Amino acid sequence: MILLMGAGAPLARAQESEVIAGGEIEYQMHCAVCHGRDGRGDGIMVKYLTIQPSDLTRLSVKSRGEFPFWRVYSTIDGREDIAGHGNRSMPIWGARFKAETEGGGVAARATIAGRILGLVFYIRSIQER
């Protein structure tokens with residue numbers, strides 16, 4: 001029984017790696033322009049912004065060593081405002097992803113949630129230790 005319980009660990013790590021890889025693609029397509037290729041807040045659009053983007057690699061450090069998973073999710077989704085974003089100049093990716101997804105049914109909501117979760121898992125993977 002113990003042998004069977006541990007057998008799924010490599011599969012779980014492989015699946016998490018796949019989710020992170022998908023999140024990295026989303027990140028590079030949608031976030032890197034402001035937050036930088038490595039998440040340090042040094043994207044090519046920085047010179048045009050009045051408020052500098054966050055260094056996404058330090059979110060855990062700023063949260064006393066705990067990655068703020070659901071706060072990051074709701075920020076990307078658009079439910080959490082960021083003071084530095086003023087009038088919400090950071091795109092609300094939940095709304096953007098919804099516009100890209102046909103319909104508004106359960107499948108569309110699941111697709112949107114998956115894309116955002118991929119981003120969050122990727123951002124968690126780039127945290128400074």
Side-chain angles (χ1 to χ4, degrees):
M1 180 69 167
I2 294 174
L3 205 64
L4 290 176
M5 288 174 33
L11 179 59
R13 282 192 297 277
Q15 289 171 334
E16 185 173 343
S17 295
E18 199 172 295
V19 170
I20 290 169
E24 182 176 11
I25 292 168
E26 290 283 357
Y27 178 86
Q28 296 302 332
M29 288 175 45
H30 301 292
C31 311
V33 67
C34 292
H35 288 282
R37 292 191 56 73
D38 298 324
R40 298 192 184 282
D42 58 355
I44 61 172
M45 292 300 292
V46 167
K47 59 186 168 191
Y48 303 109
L49 302 174
T50 55
I51 299 170
Q52 298 303 299
S54 297
D55 179 344
L56 299 178
T57 67
R58 299 191 45 79
L59 297 175
S60 291
V61 170
K62 291 179 179 180
S63 293
R64 296 183 221 124
E66 186 79 24
F67 180 71
F69 190 94
W70 291 111
R71 184 167 49 98
V72 172
Y73 184 99
S74 60
T75 299
I76 296 167
D77 180 56
R79 289 178 282 168
E80 174 115 1
D81 277 338
I82 302 298
H85 292 154
N87 64 356
R88 193 62 186 167
S89 59
M90 178 180 134
I92 300 170
W93 293 107
R96 293 268 176 104
F97 291 159
K98 184 176 181 181
E100 294 173 9
T101 307
E102 291 185 31
V106 174
R109 289 194 306 273
T111 299
I112 294 163
R115 291 175 76 179
I116 295 171
L117 283 168
L119 278 166
V120 176
F121 274 95
Y122 172 70
I123 294 167
R124 186 182 74 176
S125 77
I126 63 171
Q127 296 304 294
E128 290 182 357
R129 306 275 175 228

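For clarity, every value in this text was computed on a predicted model and none was experimentally measured.
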Donor-acceptor list for residues 14-21 side chains, cut-off 3.5 Å, not counting sequence neighbours:
from, atom 1, to, atom 2, distance (Å)
E16, OE2, R124, NH2, 2.6
S17, OG, R13, O, 3.0

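Among all heavy-atom pairs drawn from V120 and V72, the shortest one is CG2-CG1, 4.0 Å. Residues L59 and Q127 approach most closely at N-OE1, 3.0 Å, considering heavy atoms. C31 and L119 get closest at one heavy-atom pair: SG-CD2, 4.0 Å. In this structure, R37 and Y27 approach most closely via the heavy-atom pair O-CE2, 3.8 Å. Closest of all the heavy-atom pairs between L49 and C34 is CD1-SG, 4.0 Å.
Note on L56 and W70: same hydrophobic cluster, where clusters join Ile, Leu, Val, Met, Phe, Trp and Tyr whose side-chain heavy atoms are under 4.5 Å apart, directly or indirectly.
Atom NE2 in H35 sits 9.5 Å away from atom CD1 in I126 (nearest 0.5 Å).
Looking only at side-chain heavy atoms (C-beta outward), S63 and R71 come within less than 4.5 Å of each other.
Salt bridge status for K62 with E128: absent, with no side-chain N to carboxylate O gap under 4.0 Å.
F69 meets the ring-ring contact (aromatic ring centres under 6.0 Å, His included) test with F121; sequence neighbours excluded.
V33 shares a hydrophobic cluster with I44, M45, Y48; the chain of contacts runs through ILVMFWY side chains whose heavy atoms sit under 4.5 Å apart.
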